[in-house]
Amino acid sequence: MAIRVLLVDDDPLVRSGLRLMLAAAPDLEIVGEGADGAEVHALVERHTPDVVLMDIRMPGTDGLAATERLRAMADPPEVLVLTTFNADEHVLRALRAGAAGFVLKDTPPGEIVAAVRRVAEGDPVLSPAVTQRLIAHVTGAGLDAHRARRRLAALGEREREVAVAIGQGKSNAEIAAALHMSVPTVKTHVSRILAKLNLNNRVQIALLAHDARLTEGDS
């Protein structure tokens with residue numbers, strides 16, 4: 001079954017380029033387009049996309065507000081943010097709101113297609129290097145460390161270790177190797193962490209671990 005994609009960008013030339021790029025992939029289907037974040041909720045209800053490729057900066061309702069509204073839906077699509085900056089405060093707020101990752105607008109076409117596929121499968125689009133840059137950008141600007149640690153106290157010991165590893169940008173396979181467990185067990189722990197902390201995805205786990213200052217060996 002094809003991955004259903006909704007494009008949201010106020011620039012028609014950008015939308016046209018994305019449409020041509022994604023339409024070339026046989027497993028992707030463009031089901032709709034929007035030019036303003038205010039349109040997104042209605043477009044999602046009408047077209048039921050799997051992934052919304054969303055510009056973060058739009059003159060009307062921006063991608064941040066649209067992402068927050070979408071992720072509050074009962075069965076929300078994944079959101080992949082489009083931006084021109086790799087450590088922009090608005091991108092970070094979108095990630096905290098539940099976006100699954102971001103891609104730069106000058107990213108090669110093949111990588112954007114791959115990013116859409118990854119997000120549709122539930123994997124975040126944030127490399128470890130990008131995660132660390134983002135974290136450095138918001139050190140001291142996120143949640144109070146004590147409050148973040150209090151939230152993480154709801155986790156069991158192994159769940160906490162997995163949360164810290166996610167904050168360090170490790171993949172499931174890397175976490176499994178480091179903590180001597182199977183990949184399916186890691187996935188189970190991730191699911192439990194999301195449920196216990198009422199989070200949308202592992203990007204939010206990573207940001208919470210950084211807010212708690214647990215990713216630099218001080219856990």
| query | Under 3.5 Å, side chain of Ser16 to main-chain N/O of Pro12, donor-acceptor pair present? | reply | no

| remark: When every non-hydrogen atom of Ala154 is compared with those of Leu197, the smallest separation belongs to CB-CD2, 4.4 Å

| said: Given 3.5 Å as the limit, does a donor-acceptor pair link the side chain of His47 with the main chain of Val31, or not? | reply: yes

| Would you say Glu78 and Ile3 make side-chain contact, with heavy atoms under 4.5 Å? | no

| request: Would you kindly confirm whether Val164 and Val183 end up in one hydrophobic cluster when ILVMFWY residues are joined by side chain heavy atoms under 4.5 Å apart? | output: no

| message | Distance check, rounded to the nearest 0.5 Å: Ile175 atom CD1 versus Thr185 atom OG1? | response | 12.0 Å

| Does Val8 reach the side chain of Met58, with side-chain heavy atoms less than 4.5 Å apart? | yes

| field | Arg202 CZ to Lys170 NZ distance, which is reported to the nearest 0.5 Å | value | 11.5 Å

| Is a side-chain donor or acceptor of Arg149 paired with a backbone partner of Ala212 at a separation under 3.5 angstrom? | yes

| Nearest 0.5 Å, what's the CD1-CD1 distance between Ile166 and Ile205? | 4.0 Å

| field | CZ-CG distance between Arg46 and Leu6, expressed to the nearest 0.5 angstrom | value | 10.0 Å

| query | With no hydrogens and no angle check, is any side-chain donor or acceptor of Asp50 less than 3.5 Å from a backbone partner on Arg4? | reply | yes

| Looking at Ala209 and Ala163, what are the two nearest heavy atoms and their distance? | CB-O, 3.7 Å

| Is a side-chain donor or acceptor of Arg213 paired with a backbone partner of Asp211 at a separation under 3.5 angstrom? | yes

| said: With a sphere of 6.0 Å drawn around CG of Asp75, does it hold more than 12 non-hydrogen atoms of other residues, nucleotides or ligands? | reply: no

| request: Evaluate the criterion side-chain contact (heavy atoms from CB on, under 4.5 Å) for residue pair Val44 and Arg69; output intermediate values, then yes/no. | output: CA-CA 11 Å; Val44 166; Arg69 188 177 181 194; over 6 Å; no

| query | Are Glu161 and Arg158 close enough for a salt bridge, meaning some N to O gap below 4.0 Å? | reply | yes

| query | Could you give the distance from CZ (Arg19) to CG (Leu28), rounded to the nearest 0.5 Å? | reply | 14.5 Å

| message | Can you confirm whether Glu45 is buried at CD, in the sense that more than 12 heavy atoms of other residues, nucleotides or ligands lie under 6.0 Å from that atom? | response | yes

| message | To check you understand the geometry: which heavy-atom pair defines the closest contact between Ala65 and Thr61, and what is its length? | response | CB-CG2, 3.8 Å

| query | What pair of heavy atoms forms the shortest contact from Thr67 to Ala99, and how long is it? | reply | CG2-N, 4.0 Å

| Do Leu80 and Leu82 touch side chain to side chain, with heavy atoms closer than 4.5 Å? | no

| Inter-residue atom distance Met54.CE - Thr83.OG1, 0.5 Å rounding | 13.0 Å

| Side-chain heavy atoms under 4.5 angstrom apart, residues restricted to Ile, Leu, Val, Met, Phe, Trp, Tyr: same cluster for Val116 and Leu20? | no

| said: Minimum heavy-atom separation for Gly98 and Gln204, please, with both atom names. | reply: N-NE2, 3.2 Å

| said: Between Glu39 and Asp36 (side chain of the first, backbone of the second, donor and acceptor by atom type, cut-off under 3.5 Å), is there such a pair? | reply: yes

| Looking only at heavy atoms, which two atoms of Ile193 and Glu159 are closest? And how far apart? | CD1-O, 3.2 Å

| said: Are the side chains of Glu174 and Gln168 in contact, using a 4.5 Å heavy-atom criterion? | reply: no

| said: I want to check something: taking the side chain as every heavy atom from C-beta on, are Asp55 and Asp11 in contact at a cut-off of under 4.5 Å? | reply: no

| said: Test your reading of the model: is there a side-chain donor-acceptor pair from Arg71 to the backbone of Pro77, 3.5 Å cut-off? | reply: yes

| request: Applying side-chain hydrogen bond (donor to acceptor under 3.5 Å, both in side chains) between Asp9 and each of Lys105, Arg57, Arg15, report the one that passes. | output: Lys105

